[in-house]
Amino acid sequence: MASATDSRYGQKESSDQNFDYMFKILIIGNSSVGKTSFLFRYADDSFTPAFVSTVGIDFKVKTIYRNDKRIKLQIWDTAGQERYRTITTAYYRGAMGFILMYDITNEESFNAVQDWSTQIKTYSWDNAQVLLVGNKCDMEDERVVSSEKGRQLAEHLGFEFFEASAKDNINVKQTFERLVDIICEKMSESLDTADPAVTGAKQGPQLTDQQAPPAPGLCLLGPASPPPTPPLPPPKNRSVHPSLPPPPAPSPSSWGSRGGFCC
């Protein structure tokens, strides 16, 4: 009975299209550090030892429940090769969280963490949250980067630190859940201390932004036009008989090329 309940809950997680928040998360780091395996372990609970290099960028969607909220995660798996860097950095915009990954058996991937951190600061928004993850901790015999070095670097960069293994499913779920919790905490802090001038509370034109009403007599339709010319007075040396009609008013064609009517 318990297993059936768990199965239904898992199905609900993957298929539920209703959510309270949607977070965009990127997994970045050098090629072959295990980013794709890490994502598949979390999203599908699967692992394959075969190495297939990611071309460009790929993503998976997973809905989770944290603090009574449905949160839809859009998790992007980025290629680590330099030739894809222009493509992948374009996806940094709008990301609320990053998992910056290195391989504990590959010192070069660890040395590149500083460069990846600089890219995050360059291409993402200021409030993006980052976790540093040392992957493949199951390969202890081949370790070249100690846990202490990883922790010290994380403290220096201001990131939280995990060591994980996609193969043995160590700290994979915990990494994503911690990142989501940090994002939620920062969102709550931002809402509590929000300044209307910063958060964009100004909606539409204010009273001081409205145009002054037009003065009476100004033309509102079309370009400004001179008023119709009044009838010319009769010549002084001519007597006007009461039965004669008044002289005709000038036709509109005599106003010039700028037509229009005044209100």
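Between K60 and D44 there is a salt bridge, with a side-chain nitrogen of the basic residue lying less than 4.0 Å from a carboxylate oxygen of the acidic one. Salt-bridge check for E163 with R143: passed, with a basic side-chain N closer than 4.0 Å to an acidic carboxylate O. In summary, R151 and E160 do not engage in a salt bridge, as defined by a charged side-chain N under 4.0 Å from a carboxylate O.
Between the side chain of K35 and the main chain of L26, no donor-acceptor pair closer than 3.5 Å is present. Panel note: side chain D20, backbone R70; a donor-acceptor pair is recorded below 3.5 Å. Under the 3.5 Å distance criterion, the side-chain polar atoms of T78 are matched with a main-chain donor or acceptor of I27. Side-chain atoms of D138 do not come within 3.5 Å of backbone N or O of D168 as any donor-acceptor pair. A donor-acceptor pair under 3.5 Å is formed between the side chain of Q129 and the backbone N or O of N127. N135 contributes a side-chain N or O that, together with a main-chain N or O of V33, makes up a donor-acceptor pair within less than 3.5 Å. Between the side chain of N106 and the backbone N or O of E108 there is at least one donor-acceptor pair closer than 3.5 Å.
The hydrophobic cluster containing V172 does not contain F40, counting ILVMFWY residues as joined when their side-chain heavy atoms lie under 4.5 angstrom apart, directly or transitively.
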Worked check of side chain to side chain contact (heavy atoms under 4.5 Å, CB included) between I104 and F110:
CA-CA 7 Å; I104 68 165; F110 178 76; over 6 Å; no
Using side chain to side chain contact (heavy atoms under 4.5 Å, CB included), reason through R178 and Q174 one step at a time and then give a plain yes or no.
CA-CA 6 Å; R178 180 54 186 155; Q174 292 84 342; over 6 Å; no
Under the side chain to side chain contact (heavy atoms under 4.5 Å, CB included) rule, what do I75 and Y42 come out as? Steps first, then yes or no, please.
CA-CA 10 Å; I75 309 169; Y42 178 65; 3.8 Å; yes
Begin from the C-alpha positions of V113 and N30 and carry the test side chain to side chain contact (heavy atoms under 4.5 Å, CB included) through to its verdict.
CA-CA 8 Å; V113 166; N30 276 17; over 6 Å; no
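Between the side chains of D103 and S109, no donor N or O sits under 3.5 Å from an acceptor N or O. Side-chain contact of W116 with Q114: a donor-acceptor pair under 3.5 Å is absent, judged by distance alone.
In this structure, the ring of F176 has its center less than 6.0 angstrom from the ring center of F38. The distance between the ring centers of F98 and Y92 falls below 6.0 angstrom.
Scanning for side chain to side chain contact (heavy atoms under 4.5 Å, CB included) contacts around R93 gives A90, with sequence neighbours left out.
Counting only heavy atoms from C-beta outward, the side chains of I120 and V130 approach each other to under 4.5 Å. Put simply, the side chain of M96 does not reach to within 4.5 Å of the side chain of I25, judged on heavy atoms. Within the 4.5 Å cutoff, the side chain of L179 has no heavy atoms near those of the F23 side chain. Taking the side chain as every heavy atom from C-beta outward, F19 and K69 never approach each other to under 4.5 Å. No side-chain heavy atom of V61 sits less than 4.5 Å from a side-chain heavy atom of L73. At a threshold of 4.5 Å between non-hydrogen side-chain atoms, the residues V145 and Y102 count as touching. For the pair V180/I64, a side-chain contact is recorded, criterion being any heavy-atom separation below 4.5 Å from C-beta on.
Scanning both residues, I71 and C184, for their nearest heavy atoms gives CD1-SG, 3.8 Å. Heavy atoms only, all atoms of each residue included: A128 and A95 are closest at CB-O, 3.8 Å.
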